[in-house]
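Below you'll find the structure, written out as structure tokens, and then a few comments.
Remember, it's 1-based here, ligands and their atoms both numbered in the order they're listed.
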Amino acid sequence: MSTIFSKIIKGEIPCNKVLEDDEFLAFHDINPRAPIHILVIPKVEYKNFQSVDPAIMEKMTKFIHRVATHMGLDKSGYRLIANNGENAGQEVLHLHFHMLGGAKLTWPNVTNLDEAKKFI
Ligand code: 5GP
């Protein structure tokens, strides 16, 4: 399946690039939810985190660390999110991590909290 991120990787759609190597690309989200909102994607297409080869994640972790250092987020802190599947609201079916930072972030109310408490 080809997504909008495949087109960004091929350069068919422009992006505001942060960092790139042979296997990964980091670029600014077009609809930022924080002062810094970066998307990190592998160039090989995986639908989401649940279907990724764990061996890729080892390399991707190192790349995310590099992006954090590049942006100063390693010192100030950041939130890393991978929306996975329908209930998480994943819109683009190409594995991506959101890196959010640049300010103190609020913790979202992700669902009905009474429902959430059933596992406590
Ligand atoms: P998801 O909801 O799938 O976790 O997140 C998809 C993200 O991709 C959203 O935050 C959305 O703003 C971002 N996005 C969608 N299309 C584009 C695009 O063409 N360029 C960029 N830079 N970000 C995009």
Side-chain angles (χ1 to χ4, degrees):
M1 188 198 296
S2 184
T3 69
I4 196 142
F5 289 174
S6 301
K7 293 195 171 79
I8 287 175
I9 290 164
K10 288 183 208 147
E12 293 169 7
I13 291 177
C15 71
N16 189 359
K17 196 183 293 183
V18 176
L19 217 58
E20 181 175 19
D21 69 9
D22 289 345
E23 293 180 281
F24 305 102
L25 174 65
F27 55 98
H28 292 278
D29 196 295
I30 204 166
N31 182 23
R33 263 79 157 191
I36 297 174
H37 185 171
I38 295 167
L39 299 173
V40 182
I41 63 175
K43 292 186 177 177
V44 173
E45 192 177 77
Y46 295 95
K47 187 176 163 195
N48 56 32
F49 182 74
Q50 193 60 31
S51 59
V52 71
D53 176 355
I56 301 287
M57 283 311 306
E58 185 177 347
K59 290 187 272 185
M60 197 163 179
T61 299
K62 288 177 186 164
F63 185 77
I64 290 169
H65 290 175
R66 275 184 61 207
V67 174
T69 304
H70 181 74
M71 295 298 294
L73 294 170
D74 57 329
K75 296 198 171 60
S76 56
Y78 61 98
R79 184 170 297 152
L80 194 62
I81 297 175
N83 290 320
N84 193 91
E86 194 182 336
N87 274 1
Q90 184 182 1
E91 286 174 3
V92 180
L93 300 182
H94 180 127
L95 170 66
H96 53 281
F97 283 89
H98 297 258
M99 296 179 76
L100 299 164
K104 290 259 186 217
L105 305 175
T106 55
W107 187 245
N109 179 1
V110 292
T111 185
N112 178 310
L113 289 180
D114 288 333
E115 182 68 13
K117 280 178 189 149
K118 72 183 176 191
F119 293 114
I120 294 174

Please list, one pair per line, the donor and acceptor atoms closer than 3.5 Å that link side chains of residues 54-69 to other protein atoms, with sequence neighbours excluded.
residue	atom	partner	partner atom	Å
K59	NZ	E23	OE2	2.8
T61	OG1	M57	O	2.7
T69	OG1	H65	O	3.0

Hey, what polar pairs (N/O, under 3.5 Å) does ligand 1 make with protein?
residue	atom	partner	partner atom	Å
ligand 1	2 (O)	G89	O	3.3
ligand 1	2 (O)	E91	N	3.4
ligand 1	3 (O)	E91	N	2.7
ligand 1	3 (O)	V92	N	2.9
ligand 1	3 (O)	H96	NE2	3.0
ligand 1	4 (O)	N83	ND2	2.9
ligand 1	4 (O)	H96	NE2	2.8
ligand 1	4 (O)	H98	NE2	2.8
ligand 1	5 (O)	H96	NE2	3.1
ligand 1	5 (O)	H98	NE2	3.3
ligand 1	10 (O)	D29	OD1	3.3
ligand 1	10 (O)	D29	OD2	2.5
ligand 1	10 (O)	R33	NH1	3.4
ligand 1	12 (O)	D29	OD1	2.5
ligand 1	22 (N)	H28	O	2.9
ligand 1	22 (N)	I30	N	3.3
ligand 1	23 (N)	I30	N	3.3

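Between I38 and F27, the closest side-chain pair of non-hydrogen atoms is not below 4.5 Å. For the pair D53 and Y46, the minimum side-chain heavy-atom distance is below 4.5 Å. Residues H94 and I41 have side chains in contact (heavy-atom distance under 4.5 Å, counting atoms from C-beta outward).
Note: H37 and H98 have tilted aromatic rings, judged against thresholds of 30 and 60 degrees for the angle between ring planes.
Counting heavy atoms of neighbouring residues, nucleotides and ligands inside a 6.0 Å radius, atom CD of Q50 does not exceed 12 of them.
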